[in-house]
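Report on the following structure.
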Amino acid sequence: MADELVHYAVEAGVARITLDSPHNRNALSAQLRAELRDHLSTALADDTVRVLVLDHTGTVFCAGMDLKEAGGASSSAQGVNEFPAILEQLWTSPKPVVAKLAGPARAGGVGIVAAADIAVAVDTATFAFTEVRIGVVPAIISVTVLPRLLPRAAHELFLTGEQFSAARAVQIGLINSAVPAESLDAEVSRYTAMLTLGGPKALAATKDMLRRPRPDDMSADFAEMLSLSAGFFASEEGQEGITAFTQKRKPNWVPAKD
């Protein structure tokens, strides 16, 4: 049996899912896709998990699809057919997802970065939508990438396939933060610590709210948001949060530190 290419561990409410296929730059091979999908399902089903962190070994976060596997395969056998389910798991996850990049991302790897709620990279990381340069279209990843990017940048970078820096990635909205390598772990921990302070149901509802399109009718939108807000103020979770604040203690959903 092949060695595991994706590892899973949980500590203090944070599930760490680590891509470990450095021999092919963590490319999205069939085995890696299957294991990633399974570990995501495990994390989403575990009530003790509050935040997901996508991590990796090696010098590259993810190089995109495994082109050696894709070569010669029919359209029905291409791995790209399985990829939307993974991106959808990440995008619709009721639990916050943080991507940690200690190195570059390309093509499908950038789609994963975009599907995460928060992405942190080393300041030396680079990115590129290389699809057009091999005669394919960045179609699947556009679903998660385009909501993040400034439109002008999306046109430029999708059409040229040009490599761009972590600083540019922050500027155009692809990632949240670019830090020196020695600060990467601390920056990820800073985000996960903040995210675990949020109520699980409130975080899930907030993520759902952030994904919804804004309607043209502002009055109807306000009415819907008022109902959502009032419901959470009166909910068990909301009342626990309010009581904890007045009693100057942590709410009961904050994971205990080992």
Side-chain angles (χ1 to χ4, degrees), residues 3-28 32 35-36 39-40 43 48-64 86 90 93 95-130 141 144-145 148-150 153 157 162-198 203 250 254-258:
D3 291 338
E4 184 179 66
L5 298 182
V6 184
H7 308 307
Y8 182 80
V10 179
E11 182 179 356
V14 177
R16 188 172 299 272
I17 300 173
T18 304
L19 309 184
D20 185 19
S21 185
H23 71 279
N24 66 353
R25 303 189 305 161
N26 289 317
L28 296 163
L32 188 143
E35 292 179 10
L36 176 57
H39 288 320
L40 287 171
T48 69
V49 170
R50 301 292 315 290
V51 180
L52 283 63
V53 172
L54 300 178
D55 203 347
H56 67 100
T57 64
T59 58
V60 176
F61 174 73
C62 178
I86 294 172
L90 294 168
S93 165
K95 305 174 184 186
V97 179
V98 179
K100 173 190 172 186
L101 289 80
R106 296 288 186 270
V110 188
I112 290 175
V113 172
D117 298 290
I118 292 171
V120 179
V122 292
D123 52 14
T124 55
T126 59
F127 303 83
F129 304 104
T130 53
I141 67 168
T144 58
V145 171
R148 305 293 191 202
L149 296 195
L150 295 174
L157 297 169
E162 181 184 24
Q163 177 178 295
F164 57 100
S165 68
R168 180 91 191 275
V170 172
Q171 182 186 41
I172 63 178
L174 178 62
I175 66 174
N176 299 82
S177 180
V179 298
E182 62 270 20
S183 303
L184 182 61
D185 287 336
E187 182 74 340
V188 172
S189 294
R190 184 176 74 87
Y191 277 114
T192 57
M194 290 189 291
L195 291 168
T196 56
L197 296 178
L203 286 168
K250 291 182 178 179
V254 177
K257 301 297 182 183
D258 294 335

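Every heavy atom of this structure was used, including side-chain atoms; hydrogens, water molecules and symmetry mates were not.
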- Heavy-atom donor-acceptor pair, Asn176 side chain to Val120 backbone, under 3.5 Å: no
- Just how far is it from atom CG of Asn24 to atom CG of Leu32, taken to the nearest 0.5 Å? 7.5 Å
- Which atom of Pro22 lies closest to which atom of Thr57, heavy atoms considered: CD-OG1, 3.7 Å
- Query: For Val53 and Lys100, which heavy atoms make the closest approach, and how far apart are they?
  - Reply: CG1-CB, 4.5 Å
- What distance do Leu5 atom CG and Thr18 atom OG1 have between them, rounded to the nearest 0.5 Å? 12.5 Å
- Rounding to 0.5 Å, atoms CZ (Arg168) and CD (Glu162) come to a distance of 7.5 Å
- Item | Atom of Leu184, atom of Ala121 and distance for their closest heavy-atom approach | CD1-C, 4.1 Å
- Message: So, taking the atom named CG in Asp3 and the one named CG in Asp20, what distance separates them when rounded to the nearest 0.5 Å?
- Response: 9.0 Å
- Query: Counting N and O atoms only, with roles assigned by atom type, does the side chain of Lys95 sit under 3.5 Å from a partner on the main chain of Val49, one being a donor and the other an acceptor?
  - Reply: yes
- Message: Using every non-hydrogen atom in the two residues, find where Ala256 and Ala12 come nearest and quote the distance to one decimal.
- Response: O-CB, 4.1 Å
- Task: Would you check, one step at a time, whether the test side-chain contact (heavy atoms from CB on, under 4.5 Å) holds for Ile118 with Leu195?
- Result: CA-CA 10 Å; Ile118 292 171; Leu195 291 168; 4.1 Å; yes
- Message: Between Arg50 and Thr196 (side chain of the first, backbone of the second, donor and acceptor by atom type, cut-off under 3.5 Å), is there such a pair?
- Response: yes
- Message: Quick one about Arg25 and Thr59 (side-chain donor to acceptor, distance below 3.5 Å, no hydrogens or angles considered), yes or no?
- Response: no
- Evaluate the side-chain proximity of Leu54 to Leu90: yes if any heavy-atom separation is below 4.5 Å, no if none is. yes
- Task: Please round to the nearest 0.5 Å and tell me the distance separating atom OG1 of Thr126 and atom CD of Gln163.
- Result: 4.0 Å
- Task: Please name the pair of heavy atoms, one in Ile112 and one in Leu28, separated by the smallest distance, quoted to 0.1 Å.
- Result: CD1-CD2, 4.0 Å
- Task: Write down the atom of Gly103, the atom of Val122, and the distance for their closest heavy-atom approach.
- Result: N-CG2, 4.0 Å
- Query: Mind checking whether His56 and Phe61 have parallel, tilted or perpendicular rings, split at 30° and 60°?
  - Reply: perpendicular
- Message: Between Arg148 and Ile175 (side chain of the first, backbone of the second, donor and acceptor by atom type, cut-off under 3.5 Å), is there such a pair?
- Response: no
- Item | Contact check, side chains of Glu11 and Arg16, non-hydrogen atoms, under 4.5 Å | no
- Message: Looking at Asp123 and Ala166, would you say the former's side chain and the latter's main chain have a donor-acceptor pair under 3.5 Å?
- Response: no
- Message: As an exercise, state the distance from CG of Leu150 to CG of Leu174, rounded to the nearest 0.5 Å.
- Response: 10.5 Å
- Query: Can you find a pair of side-chain heavy atoms, one from Leu157 and one from Phe127, that are under 4.5 Å apart?
  - Reply: no
- Do any N or O atoms from the side chain of Thr192 and from the backbone of Ser189 form a donor-acceptor pair under 3.5 angstrom? yes
